[in-house]
Structures are given as structure tokens and as C-alpha cells.
Amino acid sequence: MYETGVVYLAGAGTGDPALLTRRCGEVLERAEVVVFEPPLSVEMRELFPLGCERIEAAPAGAGSAVSGTLVDRAEEGKVVVRLYAGDPYHSRECVDEARALTREGSPFEVVPGVIPGVTAPTFAGIPLGPAAAAGGFSVVEYPLPGGGELRKSAFCRLAGEGSTLIFMTRSDRVADLKSGLLAGRVSATTPVAIIEGGGSPSQRVIESTLEDAPDAVDAPDAVDTPDAEIAPVPCVVVVGEVTRLRLELNWFEGRPLHGRRILITRPREQADRFARVLRELGVETLIAPTIRITEPENWGPLDTALEELASYAWVIFTSANGVRFFADRLLASGRDARAFGKGARILAIGPATARALEDTLRIRADGVPERYVAEGILEMMPGEDLTGQNLAGQRILIPRALEAREILPESLGERGAEVNVVPAYRTLPAEEADVEQIRTEFSRGRIEMVTFTSSSTVRNFVEMLGEDFVGESMRGVAIASIGPVTSQTAREMGLEPHLEAEVSTIPGLARAIVDYYRFSPAVDWRNPAPWVGHHE
């Protein structure tokens with residue numbers, strides 16, 4: 001541990017948190033200040049500690065200002081993490097900033113990161129090992145460092161001898177790169193692969209020969225208007241015979257949902273798990289929370305129920321959120337699972353709710369219905385409870401959201417049970433959703449599916465964007481529902497679901513999405529990759 005402030009010059013690698021080095025993750029957890037470039041992905045920014053100071057680095061060429069910030073924060077005794085794309089010492093800015101820290105006597109540590117020039121070919125299905133590229137390979141930035149001319153460099157000679165060349169460049173420099181190689185007498189028929197977004201769900205690979213390589217690589221989402229300016233994007237250009245192996249070894253783009261863009265409307269704290277499931281299938285996700293989960297306005301009813309918990313014969317949990325808020329309040333009161341009545345039965349509406357019970361209170365549910373809806377619980381208790389006893393006079397506690405369907409408590413009450421429904425949490429409209437960004441994404445045609453995981457996500461989605469906008473923008477956009485209750489709410493809001501999960505869980509919804517794209521004949525209009533197999 002450093003006794004004073006310290007600066008960690010850390011590599012963010014490809015920008016995918018899943019590929020971040022463990023060391024980089026460790027220093028980020030302790031960061032009091034994070035300095036980063038604006039293109040850093042939203043997923044990476046979510047790893048920043050709450051309350052840390054976030055500073056966007058100035059554009060390239062303004063390194064002195066960034067160096068001064070690093071030195072100042074270190075002198076204040078802060079733990080500073082300076083993030084770079086790829087590996088730090090492959091960044092000219094990092095070298096300049098490290099020199100500045102050395103001159104000022106500020107302690108720093110370099111945290112290596114994976115280099116896009118090496119990882120992008122792997123994600124594109126292009127191996128760089130000795131068996132694939134007998135002549136070895138070279139990774140270099142283009143334009144060449146120091147302003148050297150490519151046509152006069154040793155790289156052209158190496159290409160002629162069978163070596164593989166890997167250039168880290170930008171889409172607007174591909175034409176100059178191509179001209180330099182041809183001028184250096186690299187064969188015009190040499191295979192070339194241009195990789196954009198290597199390792200990201202939006203990865204795109206253009207295969208060609210050197211002479212036929214496009215002079216400009218347009219972004220696939222470019223707006224087709226006369227005044228539109230296409231911003232250059234980073235890309236990796238692989239030159240050599242080894243690119244031909246991509247035909248056999250391309251695995252990344254063969255994932256079932258590669259390149260699909262799907263909007264997730266779950267609360268931020270719950271969206272990550274769903275997003276991870278979809279990303280493993282190749283989806284580019286946009287998380288746009290339409291709801292947030294918070295504590296009830298008044299804890300009184302739940303506190304009273306907890307004091308009388310031993311008197312309830314049944315406790316029915318209808319969501320994982322209900323379990324967590326209930327468990328937190330129970331433990332905060334000084335009680336634990338022993339507060340439940342002797343012989344009390346506990347039901348969970350589905351496997352996620354049952355898992356939450358085990359995680360928070362180490363309690364295994366006595367029953368989970370075959371259908372993960374209120375009707376499923378009622379089917380388990382047709383007049384009598386699971387012990388064969390009549391429900392008349394039995395006390396049943398249902399901790400749930402303030403607003404929810406009344407079919408379960410009403411039906412149990414009709415069967416003679418004494419039902420107490422207490423609010424354990426509230427579902428409110430999300431505050432952090434960037435409505436304008438979402439509208440822009442729809443207007444650009446970037447979203448091809450919207451997922452709904454509860455009735456409240458549907459209602460707040462429509463209220464947030466406006467009925468008129470939703471009615472117009474959702475044309476041609478698929479709607480995915482987690483279950484029949486959510487589907488019914490969608491229909492009431494004027495949205496007809498294209499698919500509904502057979503099993504009302506996140507994995508069940510993911511499987512339904514895969515099957516939709518696999519079997520539906522109406523999805524070829526934006527088909528980025530063929531189906532290559534089922535993914536569990």
C-alpha cells in the first residue's frame with residue numbers, strides 16, 4: 001500500500017468489463033479519482049466506485065492538462081486511476097503522462113491491458129499462432145510512429161516474405177494504408193480483413209484482397225443524409241494469408257444473436273444479469289430503465305407483520321424484490337428466519353424468488369408453482385392448503401409491491417383465509433433514463449427489439465416516451481414479454497407482443513428470443529449473421 005497518493009496507469013483492454021484484467025478491476029474498486037477518454041463504454045463506467053471523482057480526459061494533444069490533473073490529485077493523497085484503451089504503454093499519451101509523473105516524483109504503477117491489435121483477430125476468427133502464420137506477425141499503429149513512410153518500411157518486405165501485418169488504425173485511414181502497402185510492392189491479391197469493434201456485439205469484419213479493399217469503411221449505422229458526417233472509428237486491419245482461416249474459425253459472429261440490438265427496460269440494479277445473458281448470445285444491449293424499486297412510504301404495516309410473523313401459517317412471496325426488502329427489514333429488526341411460526345409454510349412464485357429466499361434468509365421454499373404467476377399459486381391451493389387442511393381461518397401474509405394484481409389475495413380470501421397484504425417496496429418511474437437518447441436510438445432504427453419483464457415496465461415505457469412516439473417508433477420493432485400478465489398489459493397499452501416466454505424467467509425469456517430469431521421468417525431484414533446452433 002502507498003502511504004501517499006498514487007496514480008495507476010491502467011489498460012482497459014477492449015473496453016469489455018468481462019475481459020478486464022483482475023488487477024485493473026482491483027485498482028478500480030479503490031479509485032477515488034478516475035480519468036478516462038469519452039469513448040469508454042457505459043459498461044466500463046459502471047465499474048467506477050460510487051462517489052469517485054470522474055474526469056473525462058481532454059482530446060489527444062492536450063496531454064499536459066491531463067498530466068497536471070494526475071499530479072495534483074496524487075499530491076492530494078488520492079488513489080487515481082487513469083484508464084487507456086488497450087495497453088497503457090501502447091498509448092503515446094500514457095508515455096507522456098508517465099514522464100510527467102516521474103519528473104514530479106509522483107508514485108505510479110502501470111497496469112497492463114490486452115492490445116486490440118492482438119485480440120481483434122481472435123474475435124474475428126483469425127489465429128496468429130505459429131501453425132497459422134509461419135512467418136510470424138507484427139502489430140503496429142498506422143500512421144507509423146515518427147511519421148515514417150509505409151512504402152519504405154520493413155513491413156512491406158515482411159509481408160512479401162509471408163509475415164502477417166496487423167495495423168491498428170482508423171476507418172478514415174484505410175485508403176492511405178492500402179496505397180502505402182501497394183506502393184511498397186505488397187501483392188494486390190494479398191488477403192485482407194478489416195475489423196471494426198473487435199470483441200463487441202457490433203463487431204463487423206470486411207474480407208477482401210488488398211486491391212479490392214474499400215477506400216472508406218462507413219459505419220453501418222451512418223445516417224443517410226447529405227449533411228451527415230460519419231465519424232471515423234477505430235479498426236484493426238490484418239494483412240496476410242492467415243485471414244483465409246476465418247472461413248473455418250469464425251466463432252464470435254456465429255453466436256445465435258450476434259449483432260442484434262435489444263433494449264432492456266428492467267430496473268438498473270436488475271438489468272445487468274439479463275444483459276449478461278443476452279451479451280453471451282451476441283446481443284448489443286441498451287439498458288434503459290423504465291422503473292426503479294424503492295422502499296415503501298411507510299414501513300409501519302410491514303413492521304407490524306414482522307412482529308406478528310409467528311402467527312402466520314403461510315407467507316407467500318410474489319417477487320425476488322419482495323423477498324429482499326422483507327429480509328432486509330427482518331434482519332434490521334434484530335430477528336432472523338427463526339421468527340417464522342413453527343410449521344409455517346413459505347411459497348415462492350418462481351425460481352428467482354425461491355433463490356432470493358435461500359440467498360437472504362437461508363430458507364428453502366416449501367413450494368414453487370409450475371406456472372410462475374399468481375394463478376399458479378392458486379392452482380396449488382384449490383380450497384385446501386398443501387398440508388390437506390382447509391384454508392378457512394388460516395392467516396396468510398403476502399409482502400409485495402404497493403400496487404399489484406389483487407387476484408391472489410382476493411381468491412384466498414374467498415376461500416376463507418385471513419389474508420394480510422403489506423407493502424414491502426414500491427415501483428416508481430425511473431429517474432436516470434435518458435429519454436432523448438432512447439428516442440434517438442429508435443429514430444435511427446438501431447433498436448430491433450424491446451423486452452418487458454413486468455407490467456410496470458410496459459406502463460412506464462409508454463408514459464416515459466409518450467403514446468404517440470411509441471405508436472410510431474415501434475413499427476417494425478419486436479416486442480418480447482416475460483409472461484402472460486405482462487403480455488396482457490402490453491396489449492392494453494396498444495403493444496402486441498411478438499413473443500412470450502414459455503417459462504416466466506430471465507433465462508426463459510432469453511430462450512424465447514433465440515427461438516424467435518431462429519424460426520421467424522420476418523427477421524431477415526436486419527440479419528447480421530446466420531444461425532449456427534442452439535445456445536443454452
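Here the shortest heavy-atom pairing between Pro423 and Pro296 reads O-CG, 3.7 Å. Nearest approach of Ala124 to Asn250, heavy atoms of both residues: O-OD1, 4.1 Å. Leu330 and Ser333 get closest at one heavy-atom pair: O-OG, 2.6 Å.
Residues Glu37 and Glu56 are not in side-chain contact: their nearest non-hydrogen atoms beyond the backbone lie 4.5 Å or more apart. Side-chain contact between Phe452 and Pro497 is absent, with no heavy-atom pair separated by less than 4.5 Å. Here the side chains of Ser411 and Leu408 are not in contact, with every heavy-atom distance at 4.5 Å or above. A 4.5 Å side-chain heavy-atom check between Phe48 and Leu83 finds at least one atom pair inside the cut-off. At least one side-chain heavy atom of Leu286 sits under 4.5 Å from a side-chain heavy atom of Glu441. With a 4.5 Å cut-off on side-chain heavy atoms, Phe325 and Pro399 do not count as touching. Side-chain contact between Asp336 and Leu361 is absent, with no heavy-atom pair separated by less than 4.5 Å. Using a 4.5 Å heavy-atom threshold, the side chains of Val34 and Ile55 count as separate.
Distance alone, capped at 3.5 Å, is enough to place a donor-acceptor pair between the Arg292 side chain and the Pro429 backbone. At distances below 3.5 Å, not a single donor-acceptor pair connects side-chain atoms of Thr353 with backbone N or O atoms of Ile349. Side chain of Arg255 to backbone of Phe252: a donor-acceptor contact under 3.5 angstrom is found. One N or O on the side chain of Ser504 and one on the backbone of Ile482 form a donor-acceptor pair closer than 3.5 Å. Panel note: side chain Thr285, backbone Ala275; no donor-acceptor pair is recorded below 3.5 Å. Ser200 places a side-chain N or O within 3.5 Å of a backbone atom of Gly197 that can act as its donor or acceptor partner. A donor-acceptor distance shorter than 3.5 angstrom exists from the side chain of Arg362 to the backbone of Asp359, with no hydrogens or angles considered.
The only option from Asn420, Ile316, Leu347, Val315 that meets the side chain to side chain contact (heavy atoms under 4.5 Å, CB included) definition with Ile398 turns out to be Ile316. Evaluated for a side-chain hydrogen bond (donor to acceptor under 3.5 Å, both in side chains) with Gln203, the options His258, Glu196, Glu253 yield exactly one hit, Glu253.
Around atom CD of Glu297, no more than 12 heavy atoms belonging to other residues, nucleotides or ligands sit under 6.0 Å away. Atom CD of Glu502 has 12 or fewer heavy atoms from other residues, nucleotides or ligands within 6.0 Å.
Note that CZ of Arg444 is 8.0 Å distant from CZ of Arg261, once rounded to the nearest 0.5 Å. Put simply, CZ on Arg415 and CD on Gln394 are 13.0 Å apart, with the number rounded to the nearest 0.5 Å. Between the CD1 atom of Ile291 and the OG atom of Ser456 there is a distance of 3.5 Å, given to the nearest 0.5 Å. Between the CZ atom in Arg273 and the CZ atom in Arg276 there is a gap of 8.0 Å [rounded to 0.5 Å]. To the nearest 0.5 Å, atom CG of residue Leu412 and atom CD of residue Glu418 are 12.5 Å apart. One finds the CD atom of Glu496 at 4.5 Å from the CZ atom of Arg491 (value rounded to the nearest 0.5 Å).
In this structure, Arg329 is positioned above the aromatic face of Trp299, its NZ or CZ under 6.0 Å from the six-membered ring centre and within 45° of the axis. Cation-pi geometry between Arg439 and Phe469 is satisfied (NZ or CZ under 6.0 Å from the ring centre, within 45° of the ring normal).
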Query - Chi angles and distances behind the side chain to side chain donor-acceptor pair (under 3.5 Å) call for Glu500, Ser481 - result: CA-CA 5 Å; Glu500 179 182 293; Ser481 165; 4.7 Å; no
Query - Audit row: Thr265, Thr290, side chain to side chain donor-acceptor pair (under 3.5 Å) steps and yes/no - result: CA-CA 5 Å; Thr265 58; Thr290 60; 4.5 Å; no
Report task. Given side chain to side chain donor-acceptor pair (under 3.5 Å), test Thr294 with Arg426 step by step and report yes or no. Result -> CA-CA 5 Å; Thr294 187; Arg426 287 183 295 162; 4.7 Å; no
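The aromatic rings of Phe340 and Phe326 are tilted relative to each other, their planes meeting at an angle between 30° and 60°.
Tyr425 and Arg324 share no donor-acceptor pair across their side chains, judged by distance under 3.5 Å alone.
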